[in-house]
Amino acid sequence: MTPEPQTVDLADTSVRDLNAALHALSPDTNMTAWRVLNPGGRHALAAGLLAPVTVEIMGHAGYYCAGMNQMATVVVHGNAGTGVAENMMSGRVEVRGDASQSAGASAHGGLLLIGGNAGARCGISLKGADIVVKGSVGHMSAFMAQAGTLVVLGDAGDSFGDSIYEAHLYVRGHVANLGTDCVEKPMRDANRAELFAKLAAAGLAGEVDVGAFRRYGSSRLLYQFHVDHAAAY
Amino acid sequence: MDTTPRTLPRFSATFDPATLAEIRRAAATGIYDIRGGGAKRKLPNFDDLLFLGASISRYPLEGYRERCETSVVLGARFAKEPIALKIPITIAGMSFGSLSAQAKEALGRGATLAGTSTTTGDGGMTDEERGHSRTLVYQYLPSRYGMNPDDLRRADAIEIVVGQGAKPGGGGMLLGQKISPRVAEMRTLPEGIDQRSACRHPDWTGPDDLEIKIAELREITDWRKPIYVKVGASRPYYDTALAVKSGADVVVIDGMQGGTAATQDVFIEHVGIPTLAAIRPAVAALQELGMHRKVQLIVSGGIRSGADVAKALALGADAVSIGTAALVALGDNDPRHEAEYQALGTTAGAYDDWHEGRDPAGITTQDPALAARLDPVLAGRRLANYLAVLTLEAQAIARACGKSHLHNLEPEDLVALTIEAAAMAQVPLAGTSWIPGKGGV
Ligand SMILES: Cc1cc2nc3c(=O)[nH]c(=O)nc-3n(C[C@H](O)[C@H](O)[C@H](O)COP(=O)(O)O)c2cc1C
């Protein structure tokens with residue numbers, strides 16, 4: 001039986017009170033379902049959660065929604081502003097609409113699923129989380145991405161994967177151009193399996209053909225300073 | 001024998017031997033010089049200021065009897081749990097990675113003995129430093145290496161790093177020799193690569209975003225922790241005003257003498273402004289906003305002695321922060337390692353190839369054998385002694401100026417020895433009432 005959700009209406013409650021209530025939950029709380037009404041694009045909604053609860057935000061969220069998330073599931077029934085799920089450690093964040101720039105920036109773990117498009121710098125400095133974008137991503141996405149995966153069902157903008165380290169990038173559509181030190185790599189069985197697993201986790205198993213994707217990653221030429229590579233920048 | 005008088009061989013002041021050597025080095029290697037430390041060139045600095053001391057119109061405090069308070073509270077503007085320090089001298093952020101775990105532990109021990117705080121750096125928080133630091137400031141850097149909410153919650157304050165005095169506009173550097181397995185894991189990087197950290201935060205740019213970012217960090221930590229904003233000295237008036245407007249509890253201004261673990265020499269020597277020039281504009285911004293002493297100002301970059309501490313406070317800072325001097329107190333560049341410095345092609349006091357990780361003193365290294373040379377307990381004791389001396393020296397000066405708290409020192413207690421220093425510190429040239437740009441005779 002799904003528990004009756006705790007409802008917080010931001011028309012008459014502050015973001016501070018909402019977050020304080022969510023932070024007060026212990027990992028074994030039975031108040032696992034929350035619904036936030038009238039979010040009105042406010043910032044830092046459900047930021048810093050650290051319990052396995054589900055928070056449904058019934059509208060648009062501002063900057064840093066679900067920032068530094070641990071364990072929680074946060075669903076935005078609308079668009080999300082800059083830095084949604086930034087530095088997420090674990091859990092799951094879903095944006096049903098579009099996400100602004102720096103979605104999933106520096107995230108270490110968990111899954112960020114974006115139903116629409118993501119703006120510039122999606123997955124910048126990524127450190128281990130998985131990001132699945134059903135639409136397209138803007139320029140400089142996966143900039144300096146260190147670990148984790150970025151899966152894009154649509155297209156990728158300019159300078160994709162610039163200065164990338166060890167993150168895995170999969171794009172089904174067109175990549176405008178690759179950034180410095182980012183190259184296309186062959187799709188091997190292990191890659192197909194990884195991609196399938198990420199898509200499955202995002203609830204897209206069977207809906208999308210793994211064979212339609214191309215893989216990108218680091219050429220590792222710039223891992224060491226070398227005078228002959230100075231012109232790469 | 002030819003006795004005709006001859007001209008002596010003469011070096012050019014422009015193309016001096018150091019310049020020539022650098023041209024040859026550049027031609028041979030094709031790569032700029034990378035080094036640690038701060039600006040080595042001569043700059044207008046605190047030595048160019050003097051205290052006036054007491055006279056008929058000002059009376060002093062008894063040097064050994066009357067109290068001169070040194071405590072400071074940081075972060076009371078918005079944080080529920082501001083930091084209270086016994087002395088207004090903190091240990092600056094220096095990364096685990098650039099420094100060994102033992103050195104980080106020693107900094108924590110020394111700071112704790114002295115009743116002050118220490119700071120993490122561009123590489124995350126280690127258990128060693130958290131465990132040995134009563135008050136630990138956690139840096140929030142562009143790279144976000146090792147950043148996580150658990151460490152955020154176990155920190156005592158958060159320092160958002162916009163820039164460093166040694167390299168305003170530049171990111172960190174840690175070369176392959178120092179990316180040991182532990183450092184690599186903490187930073188989520190492959191071992192042994194030449195790491196060049198981001199110089200821009202990945203999810204905010206500009207003061208309007210910074211305000212929202214600060215609010216997010218406050219939300220995540222339930223408004224408990226003080227939030228500092230650290231900037232390299234370049235536009236201190238505007239940066240201070242913007243940090244205050246963005247909601248900072250504390251502003252940290254780091255002058256161009258400030259040390260770094262590794263950066264291009266050209267960056268260290270040619271970008272940013274001296275510490276001396278940065279304080280008055282920052283204080284002016286605070287005063288104009290009615291925030292002086294409400295938002296605390298911490299100044300760093302080239303602080304060496306209690307006189308420097310007293311001068312920075314007299315110009316309006318609430319506290320100072322030290323990096324290089326703290327490392328020297330631990331044992332960096334100690335002449336007892338001279339033979340090893342010679343073997344590295346340098347000499348004690350000039351060793352700055354900290355990025356190579358071969359530090360004979362075991363401080364700026366990740367080599368287990370070298371790092372084991374530093375005893376964190378003894379080194380921590382040395383740092384505590386040094387901090388005690390800085391405090392005693394600053395108190396001696398403050399008492400001579402009749403002040404019962406270091407914070408009662410004021411610009412009126414100071415004069416300048418040079419016109420440059422008079423202009424930058426906005427205090428009169430000694431023996432005159434003339435402040436360049438402000439009139440007087
Ligand atoms: C070895 C070393 C490592 C440093 N690492 C950092 C860092 O990680 N983050 C940072 O903000 N500043 C870093 N700094 C700069 C210091 O925080 C501080 O601004 C500077 O050392 C102050 O100047 P001083 O060295 O003249 O005292 C580092 C400095 C040194 C010497």
Side-chain angles (χ1 to χ4, degrees), chain A residues 15-16 18-20 22-24 43-50 62-65 67-70 81-84 86-89 100-109 121 123-128 140 143-148 163 165-167 218 220 222-228 230, chain B residues 26-32 34 124 140-153 171 173 175-177 179 184-205 208-224 264 355:
Chain A
V15 172
R16 179 77 287 264
L18 166 68
N19 285 335
L22 293 170
H23 294 173
H43 305 309
L45 294 174
L49 300 197
L50 64 170
Y63 280 42
Y64 311 132
C65 178
M68 297 212 182
N69 186 51
Q70 289 167 294
T82 295
V84 61
E86 66 87 15
N87 216 100
M88 171 162 58
M89 304 303 292
S100 183
Q101 56 183 331
S102 301
S106 208
H108 287 69
R121 288 175 275 273
I124 183 173
S125 291
L126 192 65
K127 290 182 175 60
M140 293 297 261
F143 179 55
M144 291 177 91
Q146 297 169 228
S163 304
Y165 293 96
E166 294 297 309
S218 178
R220 304 187 180 97
L222 300 181
Y223 277 14
Q224 245 71 44
F225 272 130
H226 196 287
V227 59
D228 296 337
Chain B
T29 63
I31 190 105
Y32 38 51
I34 297 171
Y140 188 75
L141 293 120
S143 71
R144 308 280 167 88
Y145 291 141
M147 172 51 54
N148 73 77
D150 296 327
D151 287 342
L152 210 59
R153 293 184 195 103
M173 249 185 198
L175 301 193
Q177 303 91 313
I179 308 283
E185 203 209 309
M186 280 182 69
R187 299 182 187 215
T188 325
L189 287 172
E191 271 175 51
I193 66 158
D194 289 337
Q195 170 237 298
R196 286 149 283 172
S197 312
C199 64
R200 266 196 328 258
H201 282 265
D203 58 357
W204 68 269
T205 37
D208 297 329
D209 284 5
L210 176 58
E211 181 172 356
I212 304 171
K213 175 50 73 177
I214 288 177
E216 181 208 10
L217 295 173
R218 291 202 192 277
E219 281 299 319
I220 290 173
T221 55
D222 291 308
W223 291 71
R224 289 189 293 119
Q264 299 94 325
H355 58 287

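Side chains are part of it too, since the values below use all heavy atoms of this structure and drop only hydrogens, waters and symmetry mates. Everything numeric in this text was worked out from a predicted model, so none of it was measured. Throughout, protein chains are lettered first and strands after them, A, B, ... in sequence-line order, and every chain is numbered starting at 1.
Chain A forms the most heavy-atom pairs under 4.5 Å with one residue out of B:P142, B:G176, B:G30, B:A215, and that residue is B:G30. The greatest number of non-hydrogen atom pairs below 4.5 Å with chain B, out of A:G83, A:A103, A:S106, A:G62, is found for A:S106. Most heavy-atom pairs under 4.5 Å with chain B, from the set A:Q224, A:E166, A:M144, A:M89: that is A:Q224. The choice from A:Q101, A:R220, A:M88, A:H108 that makes the most heavy-atom pairs within less than 4.5 Å of chain B is A:H108. Most heavy-atom pairs under 4.5 Å with chain A: of the set B:I31, B:D209, B:T221, B:T29, this distinction falls to B:D209. Your options are A:H43, A:K127, A:M140, and the one with the most heavy-atom pairs under 4.5 Å with chain B is A:K127. Considering only heavy-atom pairs separated by less than 4.5 Å from chain B, the leading option among A:T82, A:L49, A:L50 is A:L50.
With sequence neighbours excluded, the residues satisfying side chain to side chain donor-acceptor pair (under 3.5 Å) with A:Q70 are B:D150, B:R153. Qualifying ring-ring contact (aromatic ring centres under 6.0 Å, His included) partners for A:Y165, counting only residues two or more places apart in sequence or in other chains: A:Y223.
For the residue pair A:H23 / B:D222, a side-chain donor-acceptor distance below 3.5 Å is found, with atom types taken as modelled.
Under the 3.5 Å distance criterion, the side-chain polar atoms of B:E216 are left unmatched by any main-chain donor or acceptor of A:G48. One N or O on the side chain of A:N87 and one on the backbone of B:M147 form a donor-acceptor pair closer than 3.5 Å. Counting only distance, with no hydrogens or angles, the side chain of A:Q146 and the backbone of B:T188 share a donor-acceptor pair below 3.5 Å.
Enclosure of atom CZ in B:R224 by more than 12 non-hydrogen atoms of other residues, nucleotides or ligands within 6.0 angstrom is indicated.
Here OG of A:S102 is found 12.0 Å from NE2 of B:H201. Values are rounded to the nearest 0.5 Å. The distance from the CZ atom of B:R218 to the CG atom of A:N19 is 14.5 Å, given to the nearest 0.5 Å. Residue A:R121 holds its CZ atom at 6.5 Å from OG1 of B:T205, rounded to the nearest 0.5 Å. If you take OH on A:Y64 and CD1 on B:I212, they are separated by 6.5 Å, rounding to the nearest 0.5 Å.
Interface remark: B:P190 contributes side-chain atoms only to the contact with chain A (heavy atom separation under 4.5 Å). For B:Y32, the part lying near chain A is the side chain, with the backbone staying farther off; criterion is any non-hydrogen pair under 4.5 Å. Only the side chain of B:I34 comes within contact range of chain A, with heavy atoms under 4.5 Å apart.
Using a 4.5 Å heavy-atom threshold, the side chains of A:M68 and B:L217 count as touching.
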